[in-house]
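The block underneath contains the structure these notes are about, expressed in structure tokens.
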Protein chains: 2
Amino acid sequence: MGTTQLESVQEPKYWHLKTVLIDALDSEFEVGEILPNERDLAARFGVARATLRQALEQLELEGRLQRRRGVGTTVAPPRMGVAVGPSANVWPGAGRDAWQTIGCAEAVAPAAVAAVLGTGADEAVHTIHRERVMQGQPVATELLYVPAASVPDLSPLLSPANHAPAVLRELHVLELEGEDRAVELGSARAEDAKHLDRLPGAPVLVVTTRYFAQGRVAAASVATYRADTCRLTFGDSGAVEVTHHQAESRQAS
Amino acid sequence: MGTTQLESVQEPKYWHLKTVLIDALDSEFEVGEILPNERDLAARFGVARATLRQALEQLELEGRLQRRRGVGTTVAPPRMGVAVGPSANVWPGAGRDAWQTIGCAEAVAPAAVAAVLGTGADEAVHTIHRERVMQGQPVATELLYVPAASVPDLSPLLSPANHAPAVLRELHVLELEGEDRAVELGSARAEDAKHLDRLPGAPVLVVTTRYFAQGRVAAASVATYRADTCRLTFGDSGAVEVTHHQAESRQAS
DNA sequence: AAGTGGTCTAGACCACATA
DNA sequence: ATGTGGTCTAGACCACTTT
């Protein structure tokens, strides 16, 4: 039998398509360049549009493509390195930390938040909504929960505009004893998706942080990062220079 | 006009389906319980199977469902908290760190790895393949890269079985000066998928770690965690007790 | 052999951005 | 008005597990 055993373990079409597209992306396209539309691409590769889309979806998940409804599909730049776990423990809102407050409210903690805080389900918490922008585009939204018990000296009469800064200021009075983080995969809620300029359900990295002071959880935050454009960095050094899938990239005109 | 404005902003069917299914999951099903098959579910909700699948896919992404070909769809237990960033910096392979070596090789570093190591593209590296198991199931695979220059005193004559332990032993001689981590979303390579008991392309959390010694990167690892079952934890305290989307869960019989 | 989830097709229409 | 990606349908067949 002189025939080489080819395609004996047949891989799915979309999987093979993905590898073909990756090669084309690395060799024939520049970052930012726009691809042919899905109908044309599907015809070119001789597959149904749904199959082509399955390949594109994974490439977008891996941060190699960016698709925008009404516009088209473009080659994505390397993911941004976003520092999440600094070496020095600091309170949120202290010392220029790249977050910008966009809202504030005081309400009863939802059950899920109460579980993280370790408080009762009916305790009042200040909820500060913040946003993180890098290189001109939003990369994360965050809900920061501060139990009222953590900021007992907060002035009760505050205009909405002064509320968030006041809560943070009171929080900084406490001595921060430690932080705790968890990262998991999620899909963007409708509201988060809007802030992040994505469609609902887009893949996101959810970072849950607990801030410890006075021997208990003094505050907690749930931050939602765009999974397609962000690489979360932890540890001593800051962002790593080069990402993994291309050594150098040039901006298309 | 006395009519309440309902469904003016029509949400996609699969999105609405998701919320319906989440409610059903929380109220009518136990962890581990098997759901009706996709064709029945689609018929019950009056949608095409592809639409139903779009909802199930997102629920699996969020760790609420587990689907296995030939078996069925089950309600997933809460995600496991997997400690990734210990407070004390330690070399891999030191002091019972939950990883188990399953292979080893010495070869030239791929370009992507060389970039992380900061070495030349043609330098020899030891590649140790390890696996992490929690609660009886594999949760991660890892490729640990150790440049030959980091372990100069390694005995050149080693049986394959002794190779990996010897490399780690030599590595532990060095003083570990710091670690560096990055987390990003990826899709499982075919080989990784096999180890993790998932299909190729399954969503994974890729943790890239750099180990610093002697003022340079003495080793680096790329670990691939199942995104559906894992919640990566960092920081002082270990795994958090309760996860976010259910306060208590009982094991089905 | 039967039943499950996974892949694939060839259409259709919708929401959105842009010219 | 046109073109893009996003949603949806009603089938078909395949790969895999279990009976």
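Just the heavy atoms: all of them, side chains too, but no hydrogens, waters or symmetry mates, feed the values below. Lettering of chains follows the sequences in order, A, B, ..., and the numbering in each one begins at 1. Everything quoted here is computed from the prediction, not taken from an experiment.
- A close approach under 4.0 Å does not occur between any side-chain nitrogen or oxygen of A:R68 and OP1 or OP2 of C:dC16.
- Mapped onto DNA chain C by nearest heavy atom, A:V47 and B:L199 fall at different nucleotides, with B:L199 at the one closer to the 5' end.
- The side-chain heavy atoms of B:E57 and B:Y14, taken from C-beta on, include no pair separated by under 4.5 Å.
- Using a 4.0 Å cut-off, some side-chain N or O of A:Y14 falls inside it from OP1 or OP2 of C:dT7.
- Here D:dA12 presents its C1' atom at 15 Å from CD of B:E38, a figure rounded to the nearest Å.
- B:F45 has its CZ atom 14 Å from the P atom of D:dC8, to the nearest Å.
- Of the candidates C:dA17, C:dG5, C:dC8, the closest approach to any side-chain atom of B:R67 belongs to C:dG5.
- You won't find any donor-acceptor pair under 3.5 Å spanning the side chain of B:R69 and the base of C:dG3, going by distance alone.
- Each of C:dT7, D:dG5, D:dT9 was ranked by its minimum atom distance to the side chain of A:Q54; first place goes to C:dT7.
- Proximity of a side-chain donor or acceptor of A:R68 to a complementary backbone N or O of A:T74 within less than 3.5 Å is not detected.
- Of the possible donor and acceptor atoms, none in the side chain of B:T127 sits under 3.5 Å from a partner among the backbone N and O of B:E106.
- A:D228 CG to A:E60 CD: the interatomic distance, rounded to the nearest 0.5 Å, is 6.0 Å.
- Here B:N37 does not reach the OP1 or OP2 of C:dG3: none of its side-chain N or O atoms lies under 4.0 Å away.
- When the P atom of D:dC8 is taken as reference, atom CD of B:E57 falls 13 Å away, rounded to whole Å.
- Put simply, the side chain of B:R132 never gets that close to the backbone of B:Y225: no donor and acceptor are under 3.5 Å apart.
- When rounded to the nearest whole Å, the span between CD of A:E11 and P of D:dC14 equals 18 Å.
- Distance CD (B:Q58) to C1' (D:dT7): 13 Å, rounded to an integer number of Å.
- Remark: the B:R39 side chain and the C:dG3 base include no donor-acceptor N/O pair separated by less than 3.5 Å.
- What separates CD1 of A:I34 from P of D:dG5 is a distance of 7 Å, to the nearest Å.
- The side chain of A:T51 approaches C:dT9 more closely than any other nucleotide in the set C:dG5, D:dG6, C:dT9.
- Of the candidate nucleotides C:dG6, D:dC8, D:dG5, D:dC8 has the atom nearest to the side chain of B:P12.
- Protein atom CG of B:L52 is 13 Å distant from nucleotide atom C1' of D:dT9, rounded to whole Å.
- The CZ-P distance, from B:R198 to D:dC16, rounds to 15 Å in whole Å.
- The phosphate of C:dT4 (OP1 or OP2) has no side-chain N or O of B:T73 nearer than 4.0 angstrom.
- For D:dG6, the base has a donor-acceptor partner in the side chain of A:R49 [N/O atoms by modelled type, under 3.5 angstrom].
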